[in-house]
Amino acid sequence: MELPSLFRDESTSMKYEEMIDFCLSWTIRCSEEKFQNANRKVNSYSKRILSLLLFDNPDYLTDRKVVSTRVWKQKSYVDLLSEIEIENDNTLYVLVIESKMYSKIRNGQLEKYKEII
């Protein structure tokens with residue numbers, strides 16, 4: 001099994017400003033258990049990053065398996081939207097990332113994203 005492509009996820013948009021999102025998307029997707037043997041180090045660090053993003057604890061996912069990840073860039077005005085499934089966990093986790101490369105945080109932005117999700 002090969003690691004997922006850096007430039008292919010569930011998205012259809014390919015804007016230049018999305019390079020940060022490509023890297024984050026790839027990192028999240030590399031956390032899946034099926035990529036452990038493709039590159040253990042990449043998989044391990046990807047799980048730690050995802051664990052920190054989801055649980056504010058880099059070690060939370062250490063003994064857990066990330067079953068699936070689905071990631072979109074620029075979906076419903078959200079820069080990066082992810083759905084994550086963890087083995088033996090009955091919660092579908094949703095991770096929303098707003099990249100702030102060119103713009104500032106706007107009032108009401110969090111509430112807007114909560115409505116979208």
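As the structure is a prediction and not an experimental result, all values here were calculated from the model. FYI, the numbering just counts along the sequence from 1.
Using a 4.0 Å cut-off between charged side-chain N and carboxylate O, Asp59 and Arg48 make a salt bridge.
Rounding to the nearest 0.5 Å gives a distance of 8.5 Å between CG of Asn43 and CG of Leu3. Considering CG of Asn39 and CD of Glu2, their distance stands at 12.0 Å, rounded to 0.5 Å. How far CD1 of Ile117 is from CD of Glu83: 9.0 Å, rounded to the nearest 0.5 Å. Atoms OG and NZ, on Ser46 and Lys41 in that order, are 12.5 Å from each other to the nearest 0.5 Å. Of the inter-residue distances, the one linking Ile49 atom CD1 with Leu52 atom CG reads 8.5 Å to the nearest 0.5 angstrom. To the nearest 0.5 Å, atoms CZ (Arg70) and CD (Glu85) are separated by 11.0 Å.
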Before you tell me yes or no, could you show the steps for Leu54 and Ile84 under side-chain contact (heavy atoms from CB on, under 4.5 Å), namely the whole-Å CA-CA distance, both residues' side-chain angles and the distance that decides it to 0.1 Å? CA-CA 10 Å; Leu54 286 176; Ile84 297 107; 4.3 Å; yes
Does the pair Ser82 and Val94 meet the rule for a side-chain contact (heavy atoms from CB on, under 4.5 Å), with working shown? CA-CA 6 Å; Ser82 307; Val94 175; over 6 Å; no
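Sorted by first then second residue, the salt bridge (charged side-chain N to carboxylate O under 4.0 Å, His left out) pairs that include residues 86-98, not counting sequence neighbours, are Glu98-Lys100.
For the pair Ser44 (side chain) and Arg40 (backbone), a donor-acceptor distance under 3.5 Å is absent. In this structure, the side chain of Ser51 engages the main chain of Tyr60 through a donor-acceptor pair within 3.5 Å.
Between the side chains of Arg29 and Ser25, at least one donor N or O lies within less than 3.5 Å of an accepting N or O.
The two residues Ile97 and Val78 come nearest to each other via the heavy atoms O-CG1, 4.4 Å. Taking every heavy atom of both residues into account, Pro4 and Trp26 meet most closely at O-NE1, 2.9 Å. The shortest non-hydrogen separation linking Ile86 to Val67 is C-CG2, 4.0 Å.
Note on ring orientation: taking the six-membered ring where Trp is involved, the planes of Tyr93 and Phe55 are perpendicular (angle over 60°, cut-offs 30° and 60°).
For the pair Leu61 and Lys47, the minimum side-chain heavy-atom distance is below 4.5 Å. Using a 4.5 Å heavy-atom cutoff, the side chains of Val71 and Leu80 are in contact.
Residue Leu81 is tested with Val96, Asp21, Ile116 for a side chain to side chain contact (heavy atoms under 4.5 Å, CB included); the sole match is Val96.
Within 6.0 Å of the OH atom in Tyr45, the count of heavy atoms belonging to other residues, nucleotides or ligands does not exceed 12.
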